[in-house]
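Worksheet: one structure, shown below.
Predicted model, so just to flag it, every value in this text is computed and none were measured. Numbered from 1 within each chain, the chains take letters A, B, ... in sequence-line order.
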2 protein chains.
Amino acid sequence: MISRTAAALLAGSPAIADAHFRAEAHPYHPELRPDGYVNLGTAENRLVWDLLAERIADRPPTTEQQTRYAPLHGTDELRDRIAGLLTRLLGAPVKGDQLVVVSGATSALDAVASSLCDPGDAIVVPAPYYGAFDTDLAGRSGAVLLPTPYAEPQALPEAVEDAVGRARRDGLRVRAVALSSPCNPTGRVYPAAVLDRLLEVAARHGVEVIADEVYAGSVFGAEPFASLAGRPGVHLVWGFAKDFGLPGLKAGVLHSTDPQVLAAARAFAYFAPVATDTQALLAWLLGDPDWVDGFLAEHRRRLGASYRAAAGLLDAAGIPHLPAQAGFSLWADLAAWLPAEDFAGERALWQDLLDRTRVSVLPGEVFHADRPGRFRICHTADPATVRTALTRLGAHLTTPTPRPEGRTR
Amino acid sequence: MISRTAAALLAGSPAIADAHFRAEAHPYHPELRPDGYVNLGTAENRLVWDLLAERIADRPPTTEQQTRYAPLHGTDELRDRIAGLLTRLLGAPVKGDQLVVVSGATSALDAVASSLCDPGDAIVVPAPYYGAFDTDLAGRSGAVLLPTPYAEPQALPEAVEDAVGRARRDGLRVRAVALSSPCNPTGRVYPAAVLDRLLEVAARHGVEVIADEVYAGSVFGAEPFASLAGRPGVHLVWGFAKDFGLPGLKAGVLHSTDPQVLAAARAFAYFAPVATDTQALLAWLLGDPDWVDGFLAEHRRRLGASYRAAAGLLDAAGIPHLPAQAGFSLWADLAAWLPAEDFAGERALWQDLLDRTRVSVLPGEVFHADRPGRFRICHTADPATVRTALTRLGAHLTTPTPRPEGRTR
């Protein structure tokens, strides 16, 4: 028999991770496995390895010191270098002693949620949202997430305010509002004025703000990115998975100016430290700010090109999608192709696409979309493979076939 | 305001970690800082770096694959190689799919405790025990640890049985018994017959066994080490910190044959993964079994020599200590030097030793010793430094000074 927390975690196993490993087990290859799966479900940045390879190959040898015990919330060297990077990237002063380094953005989200919330406390989350928040923010803390739909970005602060009020009338203690900014899955960059109003709402109701800014360096559109770094009541998460294309290195960071939250997060970091050897590699990567800034500029350039190519293919196939200014994905609207106008219909379409096109994308239900038919399509894999996959998807959806009404699987 | 779990963690901040970083901040150096601290408080293996350095320097370059998402409970390659190592080291068949790799033995202990225990459930822990169990096993799971003294190893199973009975009469749900084997802090190797009887007691009472065998490869005495690997109801923890002298690499592993516990632990591994890059380094280290076995043999040889040298210095100074067969420390008895016969007296002696000799050792209270005066003295630092420190300690304790009665700090 296992604990209640363990049983709940197993029942809520992140759908994103499951889909990823299923698709990766039999991957598409133009010659070796042309009927393999193309994984456009995982937001993995495969556009920049050539830029990283050379610098990683030049890493200095591991020293004795780098194999010993070190502060479990990150070495001084790495925290100071991340602080320098974030100060440039977020446009706000970030100090090394305001950072807690842990084994991935997931662990950072868990650390801040577990620092703020007792079991049963509520976190308001504007929806659609990054589906793994369900596990990252609530899986260990015992918090309850309240998905909060909003019609358009301008309406987000008021939607949050209404949700806080409703939750309190229901007897819940609301501790935080959490959002990814830029937004995953929509690729939206929130206007600064919207974020300012969100912070006003949070402050007025005594609610903390958890800002997941893991895509801060992945903005390619015209809307300027406004970081919440350093604003009162804001606890910010960043990591190396997205902007640096290093998801395997499992290094995330929490930034806060709240001494209590920092102390608590350091206590949780004891359970999720990053190896000193990996920290040394990351510190080495960040050791040359000119290289870093050049790398990030080229990353953004390629990302924009990747987005425009993918958006063009969807446009050509007549598949509607939201315009994105950031992130690794398109938020497409396949409502017209649903076999039934509900989330069961969405699941059926998802399964149909996976079986018939061998393209893995994620259905909107995973992101708590408020209506069925949305799909998140990641475009940051190998460009030729993405083209193949989106062409397959487009051809499948535009082929006039009997509307698959009544299909049940 | 922070959560109750966070507040409890901060209140119970592991004394071992605190003492470590205080001592490391101003370390002794024979020429550069002769009045610096010698840290004999941390069980860190500084005897084998020369053996590791060459092999680590030969690590293959990081590949693109090693920077991508991988199974969060360890790559197949690393788990299979650890399985091979543990099969040889523990003398029982261990399979890769019975392993969950996480960011350190601490995370593995947390994963198994959180898999087994709901908040308030009890874990019986024979005492003295590794002080960080208080945080590792209870800090996040919410379990309650019940320190259970025993007079000698033969009496351990009955002491556990009595504790289980007492706890149940008190209305507690007892889920597990946890012990480090070989024993930290005493350096004892438990006789196989004692462990067999402990397993009988656990099975009879429906209690799981958490076996921390991080010192399995650090046995130098005559008593043969009997691993509990693969025995029914046993969940075993091992890591690279002790036997491989790589505490900075934060890689621990849980072994179990219980499918439910394995599934639960994998769910917790999601929050504490090891970087793929570090996993690749560890897989490289284990890739040559002949090198590994030669390394471990030399590690044990040096460890035995280190123990005998340290024991000889204590003997020469007339400081009583328990004979050890394993581990990195001596369990010394300084009761004769206590200014008062209680744990306040022990703390005063500890502070006196730290101030007057600049040698950091850990008082028995940290390990839940049942009477004051015990100290754990680690001997696995640089041999000349250990000699200096133990000579200082011996000289200070054997110098006839007025018994420091009434000192209060």
Side-chain angles (χ1 to χ4, degrees), chain A residues 1-7 9-10 13-14 17 20-21 24 42 44 49 52-53 56-57 59 61-62 64 66-72 103-104 106-107 110 114-118 135 139-141 245-251 260-261 263-264 267-268 270-278 281, chain B residues 1-7 9-10 13-14 17 20-21 42 44 49 52-53 56-57 59 61-62 64 66-72 103-104 106-107 110 114-118 121 135 139-141 245-251 260-261 263-264 267-268 270-278 281:
Chain A
M1 199 181 48
I2 56 174
S3 67
R4 291 191 298 268
T5 300
L9 275 175
L10 286 175
S13 170
H20 171 83
F21 290 112
E24 294 288 317
T42 306
E44 193 168 36
W49 173 249
L52 292 164
I56 288 179
R59 73 193 293 182
T62 302
E64 181 175 13
Q66 285 162 7
T67 64
R68 291 193 179 169
Y69 285 113
L72 295 171
S103 58
T106 281
S107 305
D110 169 46
S114 294
S115 294
L116 294 174
C117 298
D118 289 319
T135 307
R140 294 213 71 175
S141 71
L246 295 169
L249 296 198
K250 311 313 301 174
Q260 273 197 298
V261 170
F268 287 108
Y270 174 83
F271 297 95
V274 180
T276 40
D277 183 59
T278 295
L281 172 58
Chain B
M1 200 181 51
I2 56 173
S3 68
R4 291 191 298 268
T5 300
L9 275 174
L10 286 175
S13 170
H20 171 82
F21 291 112
T42 306
E44 193 167 37
W49 173 249
L52 292 164
I56 289 179
R59 75 193 291 183
T62 301
E64 180 175 13
Q66 285 162 7
T67 64
R68 291 193 178 169
Y69 285 113
L72 294 171
S103 56
T106 281
S107 305
D110 169 46
S114 294
S115 294
L116 294 174
C117 298
D118 290 318
D121 285 351
T135 306
R140 295 213 70 174
S141 71
L246 294 169
L249 296 197
K250 309 316 299 174
Q260 273 198 298
V261 170
F268 287 108
Y270 174 83
F271 298 95
V274 180
T276 40
D277 184 58
T278 296
L281 172 58

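Heavy-atom pairs under 4.5 Å with chain A peak, among B:P273, B:S3, B:A275, at B:S3. Most heavy-atom pairs under 4.5 Å with chain A, from the set B:T67, B:L249, B:T276: that is B:T67. Of the residues considered (B:V274, B:D121, B:D110, B:L246), B:D110 shows the highest number of contacts with chain A, using heavy-atom pairs under 4.5 Å. Contacts with chain A were tallied for B:A70, B:A57, B:P61; B:A70 has the most, counting heavy-atom pairs under 4.5 Å.
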Q: Using the side-chain contact (heavy atoms from CB on, under 4.5 Å) rule, take A:I56 and B:Q66 through it: C-alpha gap first, then chi angles, then the decisive distance, then the call.
A: CA-CA 12 Å; A:I56 288 179; B:Q66 285 162 7; over 6 Å; no

Q: Show your working on side-chain contact (heavy atoms from CB on, under 4.5 Å) between A:R59 and B:D277 and close with a plain yes or no.
A: CA-CA 12 Å; A:R59 73 193 293 182; B:D277 184 58; 3.2 Å; yes

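The shortest heavy-atom contact between A:R4 and B:D118 is N-OD1, 2.7 Å. Between B:T135 and A:Y270, the shortest heavy-atom contact is CG2-CE2, 3.5 Å. Taking every heavy atom of both residues into account, A:F271 and B:S107 meet most closely at O-OG, 2.6 Å. Between B:A267 and A:L9, the shortest heavy-atom contact is CB-CB, 4.0 Å. Here the shortest heavy-atom pairing between B:S114 and A:A6 reads O-CB, 4.3 Å. Minimum heavy-atom separation, B:A272 to A:S103: CA-OG, 3.6 Å.
Judged purely by atom type and a 3.5 angstrom limit, B:E64 has no side-chain atom pairing as donor or acceptor with the backbone of A:W49. Although no hydrogens or angles enter the test, the distance criterion places no donor-acceptor pair under 3.5 Å between the side chain of B:S115 and the main chain of A:I2.
Counting only heavy atoms from C-beta outward, the side chains of A:T5 and B:R140 never approach each other to under 4.5 Å. In this structure, the side chains of A:K250 and B:L72 come closer than 4.5 Å at one or more pairs of heavy atoms.
Neither the backbone nor the side chain of B:L52 comes within contact range of chain A; no heavy atoms are under 4.5 Å apart.
The structure places CD of A:Q260 at 8.5 Å from CG of B:L10, a figure rounded to the nearest 0.5 Å.
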